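Quick notes on the structure that follows.
In this text, all values refer to a predicted model and were calculated from it rather than measured experimentally. Proteins get letters first, then strands, A, B, ... in listed order; numbering begins at 1 in each.
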Protein chains: 2
Amino acid sequence: MDRLDDTDERILSELAEHARATFAEIGARVNLSAPAVKRRVDRMLDSGVIRGFTTVVDRNALGWGTEAYVQVYCHGTIAPDELRRAWVDIPEVVSAATVTGTSDAILHVLARDMRHLESALEKIRSSADIERSESIVVLSNIIDRVRPEG
Amino acid sequence: MDRLDDTDERILSELAEHARATFAEIGARVNLSAPAVKRRVDRMLDSGVIRGFTTVVDRNALGWGTEAYVQVYCHGTIAPDELRRAWVDIPEVVSAATVTGTSDAILHVLARDMRHLESALEKIRSSADIERSESIVVLSNIIDRVRPEG
DNA sequence: GCTGAAAGGAGGTGTGG
DNA sequence: CCACACCTCCTTTCAGC
């Protein structure tokens, strides 16, 4: 896709906060008709700019109140794709990225409680050639912009 | 809200992957009629289990290709609320949490490029009583889920 | 309580301008 | 990009389990 103009950005901003808003509602905010908004959204879906629409769930309400960032140190060099295959089937791993610095990867892990977190860490360590890992447990989330503010 | 039954969980799971799916589509997958699904979704919205619906955007397509996790070390003890006030107005900060361990907080920061990241870090450091910070720059995202699937 | 059925109204979507 | 038409879907009300 070429590039997004200002209107596309505003549509994305609206969708980020209210993904189930009607095209007409979005159109009213960006001064466009509903069909025009739909065409732009369809184009962004086709081109991959919009990867999908999701629901923000209160983790505590679901009983997933334990959260940690895990820095992973590997033996030698491991290809990102290899790490992906190792961890993508572990549901507790919300995100994973290879990083600069002393560690090789950082993972964001959610669990129901400490015991659950411990078992998730064990799964993470055993599914790849890990030397060691360092867990940073979250005490309280103070900002989380993935969530719309409503 | 009391508790979620199995059907509620399945509806949440569907919504997490396709937040713009019609109630009829969701109903077909969980063996319920559209009105029944809507009532359950409305109830979860009221009770706060569902916090909202959002759009997953490809950050690289938007030109926000630089990403870092920042560990922050504060002078003395700072209340979480104080940190929130300090950082909530910095748009580059996607998430922030107080944590256990040697650092006081960990931030997830997005930027357009390294120069932009640098200026964002400067804003972060100057807006609170920070002793020092340690940045872990992301090389490549290998997993990016919005919610655990368990 | 919960569900499903039906009706009226609102929104999505394709064509022509 | 808008206007219009068609059609699907949402949403309410109703009654039944």
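Between the P atoms of D:dT11 and C:dT13, the separation comes to 15 Å (whole Å).
Every residue was checked against the side chain to side chain donor-acceptor pair (under 3.5 Å) condition with A:T66, not counting sequence neighbours, and none meets it. In this structure A:A86 satisfies the side-chain contact (heavy atoms from CB on, under 4.5 Å) test together with A:S127, A:A128, sequence neighbours excluded. Applying the salt bridge (Lys or Arg N to Asp or Glu O under 4.0 Å) criterion to A:R85, with sequence neighbours excluded, gives A:D81. Partners of B:E118 by salt bridge (Lys or Arg N to Asp or Glu O under 4.0 Å), not counting sequence neighbours: none found.
Atom CG of B:N31 is separated from atom C1' of C:dG4 by 13 Å (rounded to the nearest Å).
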Polar atom pairs between nucleotides 4-13 of chain D and protein, under 3.5 Å, N or O only, would you list them?
unit_1 : atom_1 : unit_2 : atom_2 : d
D:dC10 : OP1    : B:F23  : N      : 2.7

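Cluster annotation: B:L110 and A:V49 are assigned to the same hydrophobic cluster (Ile/Leu/Val/Met/Phe/Trp/Tyr, side-chain heavy-atom contacts under 4.5 Å, transitive).
Pairs of residues two or more places apart, or lying in two chains, that qualify as salt bridge (charged side-chain N to carboxylate O under 4.0 Å, His left out) and include a residue from residues 18-39 of chain B are B:E14-B:R29, B:K38-B:D42. Sequence neighbours left out, the pairs with a member in residues 67-80 of chain A that pass salt bridge (charged side-chain N to carboxylate O under 4.0 Å, His left out) are A:R59-A:E67.
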Dot-bracket summary - DNA chain D, pairs being Watson-Crick or G-U whose distances fall under 3.5 Å, with | when paired to another strand: |||||.|||.|||||||
Contacts under 3.5 angstrom, residues 68-78 of chain B side chains, donor-acceptor by atom type, not counting sequence neighbours:
unit_1 : atom_1 : unit_2 : atom_2 : d
B:Q71  : NE2    : B:S103 : OG     : 3.2
B:H75  : ND1    : B:D129 : OD1    : 3.1

